[in-house]
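Order of listing sets the numbers, starting from 1, for every ligand and every atom in it. If you read the sequence from its start, that first residue is 1, and numbering goes on from there.
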Amino acid sequence: MTKFMPEPYKIKSVEPLTILNRKQRKESIEKAGYNTFLLDSKDIYIDLLTDSGTNAMSDRQWAGIMMGDEAYAGSRNFYHLQDTVLELFGFNHIVPTHQGRGAENLLSTICIQPGDYVPGNMYFTTTRYHQEVNGGIFRDVICSEAHEPDKNDVPFKGDIDLNKLQALIDEVGAEKIAYICVAVTVNLAGGQPVSMKNMKDVYALAQKHNILVMFDATRCVENACFIKEREEGYEDKSIKEIVLEMFSYGDGCTMSGKKDCLTNIGGFLCMNDDDLFERAKELVVVYEGMPSYGGMAGRDMEAMAIGLRESMDYNYISHRLSQVRFLGEMLIEAGVPVVKPIGGHAVFLDAKAFLDHIPQTQFPAQALAAAIYLESGVRTMERGIVSAGRDSEGNHHVPKLELVRITIPRRVYTYSHLEYVAEGVIALYKKRKQIKPLKFVYEPRMLRFFTSRFEEI
Ligand code: PM9
């Protein structure tokens, strides 16, 4: 059998792509202040900025869009979404939100008291922001290997280090821990999965101390596929069975539907506890909308219900992981430094190794993402010191990982697009010393990576 199975879909509707010439790309990236978030979509050839909301929907999802019940309250699409999520995830309650950070806002507001700790398997930008703005203190309890880009022989680099978690409980006391956040997969570690065994062990420890476990379920289907392919005892289980077991080791989750629900917008919060549910419902009307739409149109809830079910198809999800691996292996073969093993939603370039002439405080990953655009018209994203932001004293958080994320949208591009992407990165690697460091010319106070501007030093 062929190593990389072709796309498990036929293309029914197409969106033309155009590429600017090098001079035009130079003007565009300068105009965008060397921040790929500030480029215009029309100026991009292949857009690998994110897998968030960039999914191609299926014919069935588009049919679902036409079945939107746009009632202000009690839309039938909400009940479809509710039934689907409760069946597939196994939690008792769902509160819809406009996207993942809406769910993070609700969860952080109802669960965190000022001074509480929130341990997690590596931070995520919007997640940590909501924890901190509610007075929480994030503590990274991921296994140490997750911070080593070259460490290839760890199949579940997203695992929580139980000793670190126990040490935090001993240090601050269980009553000061708002909840444990378990992200599946771990975005900023390189899309690395968490093993079923680890989820089970974390939940057992949490229950012993009466601490809640809340999943960040954003890429849970990718995580389930890694479990099927890598963890003993799961090879014959379906993705649906694995996801259900994963979430049996927790008390709820936040979800950005823009990823594994195969839609362009949407999210939700789930929980088992009735009181938490009541409080979340009180808040959702303040920030999102009625508890039966949470900031989404009826049609979007319908597309999300259909998409989440479709995502459980092993043919779909194994092909997705293969596409990412295909790109990663081409780069590894050419000697380009990437995070290993290749993760679920993206290939992450190790910008510290790629641009070893640029110190981290002069933003190598930001400079590399800009250079990739200039070289090939491909848009990628910085995931390093700029994304990490500053601490309460105003100093940069300095993450060990300084990465550029080449993110693959779901069901959008083909292997030949990825071949082109690899060729561009490899060509750039050969002339990497020409890439210049950057300095800030504008830095917003919050989530600075979205809108900051730079110029070359
Ligand atoms: N992730 C991503 O590109 C989009 C925002 S940052 C550019 O990776 C996790 C693990 C995420 C995530 C978003 C959110 C927030 C929560 N958890 O974007 O609000 O990767 O739907 O979800 C992005 P929303």
Practice prompt. With side chain to side chain contact (heavy atoms under 4.5 Å, CB included) as the test, would you mind laying out the steps for S144 and K164 before giving the verdict?
Written response: CA-CA 10 Å; S144 307; K164 287 188 193 168; 3.6 Å; yes
Discussion item. Using ring-ring contact (aromatic ring centres under 6.0 Å, His included), reason through Y34 and F363 one step at a time and then give a plain yes or no.
Written reply: CA-CA 11 Å; Y34 293 86; F363 315 120; over 10 Å; no
Worksheet entry | L162/V202 under side chain to side chain contact (heavy atoms under 4.5 Å, CB included): CA gap, chis, key distance, verdict | CA-CA 7 Å; L162 291 163; V202 167; 3.8 Å; yes
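Of the protein's non-hydrogen atoms, the one nearest atom 24 (P) of ligand 1 is Q99 NE2, 3.3 Å. Atom 12 (C) of ligand 1 has as its closest protein heavy atom F124 CE2, 3.2 Å. The protein atom (non-hydrogen) at minimum distance from atom 15 (C) of ligand 1 is T126 OG1, 3.5 Å. Nearest non-hydrogen protein atom to atom 21 (O) of ligand 1 is S256 OG, 2.7 Å. Of the protein's non-hydrogen atoms, R101 NH2, 3.5 Å is the one closest to atom 5 (C) of ligand 1. With hydrogens left out, the protein atom closest to atom 7 (C) of ligand 1 is M381 CE, 3.5 Å, a heavy atom.
Between the D260 side chain and the E222 main chain, a donor and an acceptor come within less than 3.5 Å of each other. Listed for the S387 side chain is a donor-acceptor partner under 3.5 Å among the backbone atoms of E382.
Between R219 and ligand 1 there is a heavy-atom distance shorter than 4.0 Å.
Every atom of ligand 1 is numbered from 1 in the order shown, and the set under 4.0 Å from a heavy atom of D216 is 9 (C), 10 (C), 16 (C), 17 (N). Of all atoms in ligand 1, numbered sequentially from 1 with element shown, those under 4.0 Å from a heavy atom of R405 are 2 (C), 3 (O), 8 (O). Here is the list of ligand 1 atoms found below 4.0 Å of a heavy atom in E104: 14 (C), 16 (C), 17 (N). Remark: ligand 1 atoms within the under-4.0 Å shell around heavy atoms of K259 are 1 (N), 4 (C), 12 (C), 13 (C), 18 (O), 20 (O), 21 (O), 22 (O), 23 (C), 24 (P). For ligand 1, the atoms closer than 4.0 angstrom to any heavy atom of T50 are 2 (C), 3 (O). Atom numbering of ligand 1 starts at 1 in the shown order; those under 4.0 Å from a heavy atom of F450 are 6 (S), 7 (C). Close approach of ligand 1 to T218 is summarised as follows: ligand atoms under 4.0 Å from at least one heavy atom of the residue are 9 (C), 16 (C), 17 (N). The ligand atoms of ligand 1 that sit less than 4.0 angstrom from a heavy atom of K258 are 21 (O).
Here the shortest heavy-atom pairing between R325 and I342 reads CA-CG2, 3.9 Å.
When heavy-atom distances to ligand 1 are checked against a 4.0 Å cut-off, Y129 has no atom that comes that close, whether in backbone or side chain.
Between Y415 and H319, the ring planes are perpendicular. Angles over 60° get that label, and only those under 30° would be called parallel. Taking the six-membered ring for Trp and thresholds of 30 and 60 degrees, F440 and H396 have nearly parallel ring planes, at less than 30 degrees apart.
In terms of polar-atom proximity, defined here as any N/O pair under 3.5 Å, G100 does make such a contact with ligand 1. Polar contact with ligand 1: present for N187 (N/O pair, distance under 3.5 Å).
A salt bridge between R383 and E402 is absent, with no side-chain N of the basic residue lying under 4.0 Å from a carboxylate O of the acidic one.
Ring pair Y9/Y316: centre-to-centre distance not below 6.0 Å.
Between the side chains of S195 and D159, at least one donor N or O sits under 3.5 Å from an acceptor N or O.
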